[in-house]
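Quick notes on the structure that follows.
Any value given below was found using the heavy atoms of this structure, including those in side chains, with hydrogens, waters and symmetry copies removed.
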Number of protein chains: 2
Amino acid sequence: MVKSQPKGTVRGTLSPASIAASALKLGDQEGPEAMAIRRIAAQLGCDPMALYRHFANRVALLDAVADLALADLALPDDHDPWEDRLRSLLTETRRAALAHPGIAPHIAARPPLGPHGLRIGRVLIEALRQAGLDDRQTVAASQVLIAYLSSAIAMAVATQGRRDDRWSEAAQAVRDSSEHRLPADAMPAVGSVDQFSFGLDLLIDGLRARVRDRPR
Amino acid sequence: MVKSQPKGTVRGTLSPASIAASALKLGDQEGPEAMAIRRIAAQLGCDPMALYRHFANRVALLDAVADLALADLALPDDHDPWEDRLRSLLTETRRAALAHPGIAPHIAARPPLGPHGLRIGRVLIEALRQAGLDDRQTVAASQVLIAYLSSAIAMAVATQGRRDDRWSEAAQAVRDSSEHRLPADAMPAVGSVDQFSFGLDLLIDGLRARVRDRPR
DNA sequence: ACCTGAACACCGTTCAAGT
DNA sequence: ACCTGAACACCGTTCAAGT
């Protein structure tokens, strides 16, 4: 009596939120290559073109998925020192992005500007302002931190991913090419949280030096 | 008498070097979307499959193009202080990458490991060693600097490129979301060399603090 | 043995044709 | 007016058929 597969939307009416949630789950399970219009539609049981009623194009859809991935994030305590807040905010954002391997490359390539991304940006700016930076330094520093975070996410994705581990290859090549023959072990692994923290501490130290120069 | 277009390789025999050089020029003129096997072959006047005799796949071909883009690069003077050498090496690498907009996104996404990329890596390691860092710090710092450079290139490409300027949008959104209503002008532009230098100086200051802590 | 190009298995998106 | 899905204009790559 029933057709083998009902046409149209199998699971309720579509909405931007329901599409993004479905795509996020699909990416978690099958990786970045599953983030194709046709595959997202297949998982929803709808026509690929139905998605274009809710998003202007594929990139806009992925932007929504990327922002959704940054929803589960513990924001730092307002009373902590600014260094701690920066460290925890960026480490948490990195963790949240990497928890969703299907969309993490997109997050690394394009900063999400949905509500969750903007919330992170707001906390970032607040921490930098309260560190004592002026307007110009605050904006410039926020861009530097976002740039570093983006690369860190990209490196971690490549490292944990398939045999495409270009960053580890690069680290190895750089070690080998040194006349000092640097040892391979006892080094923080490419894409590791230790490696990430090392660079983050460098940046925070640099910011601290600027605050010290012009106090108040 | 002559056919309208001779078949086969129009301009001499193919080689990895001649293919990469042709693709680099094509990308310079027509942008990253021209970096397709079919379009590179069309410019060479050969069958797309002919390229697979010289490269395992498209990514390997683009890696060769990326390394070639880093050929024209003034390396820093060995006698300069390590801070100056780091600054000039990374600034020059950024400049060289952005001089080739067709392949710059690929450079940002995958560190070139050909002869030119490795040469840059060697100079980078040497500068860090002579700054007084230990082995672990040297490798970790080199990864941080490469990560920052990669993002800086990606941001500059997006900014100078089409209407895909996500990074400027992000900076604007971050400014707007601040309760302090930061002014938009008199800020270093996203992807600008000033913005790049600001972050580079932060990292160098952070490194300097580590050298000071354990001198020698 | 080498080389070619037709074919495969995909893409994102347009648009005409159906309801 | 809305929605569908066939079709378009591409991809990278495989592979069988030609020389």
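B/L14 has its CG atom 10 Å from the P atom of C/dC3, to the nearest Å. Protein atom NE2 of A/H54 is 16 Å distant from nucleotide atom P of C/dT13, rounded to whole Å. Straight-line distance from the CD atom of B/E33 to the P atom of D/dG12: 13 Å, rounded to whole Å. The interatomic distance linking A/H106 (NE2) with C/dG12 (P) rounds to 13 Å, in whole Å. Spacing between atom OH of B/Y52 and atom C1' of D/dC15 amounts to 13 Å, rounded to whole angstrom units. Whole-Å rounding puts the A/M35 CE to C/dC10 C1' distance at 16 Å.
Taking only side-chain atoms of A/D47, from C-beta outward, the nucleotide of C/dT13, D/dT13, D/dT4 with the closest atom is D/dT4. Between D/dG12, C/dT13, D/dT14, one nucleotide has an atom nearer to the side chain of B/M49 than all others, and that is D/dT14. When each of D/dT4, C/dC11, C/dT4 is scored by its nearest atom to the side-chain atoms of A/R39, the top-ranked nucleotide is C/dC11. Considering only side-chain atoms of A/A50, the nucleotide from D/dT4, C/dT4, D/dT13 that sits closest is D/dT4.
In this structure, D/dG5 forms a base pair with C/dC15, meeting either the Watson-Crick or the G-U wobble geometry with both donor-acceptor distances under 3.5 Å. Base pairing annotation: D/dC10 forms no Watson-Crick or G-U wobble pair, as no partner gives both donor-acceptor distances under 3.5 Å.
One P atom belongs to D/dA9, the other to C/dA9, and the distance between them is 22 Å to the nearest Å. Remark: the separation of the C1' atoms in C/dG12 and D/dT14 is 23 Å, to the nearest Å.
Salt bridge status for A/R39 with A/E30: present, with a side-chain N to carboxylate O gap under 4.0 Å. Look at A/R129 and A/E126 and you find no salt bridge, because none of the NZ, NE, NH1 or NH2 atoms lies under 4.0 Å from a carboxylate O.
Contact record, A/L14 with A/C46: CD1-SG, 3.9 Å, taken as the closest heavy-atom pair.
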Practice item. Carefully, step by step, assess A/D77 and A/R85 under the rule salt bridge (charged side-chain N to carboxylate O under 4.0 Å, His left out). Key: CA-CA 7 Å; A/D77 189 324; A/R85 284 156 66 191; over 6 Å; no
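A sub-4.0 Å separation between OP1 or OP2 of C/dC3 and a side-chain N or O of B/R53 is present.
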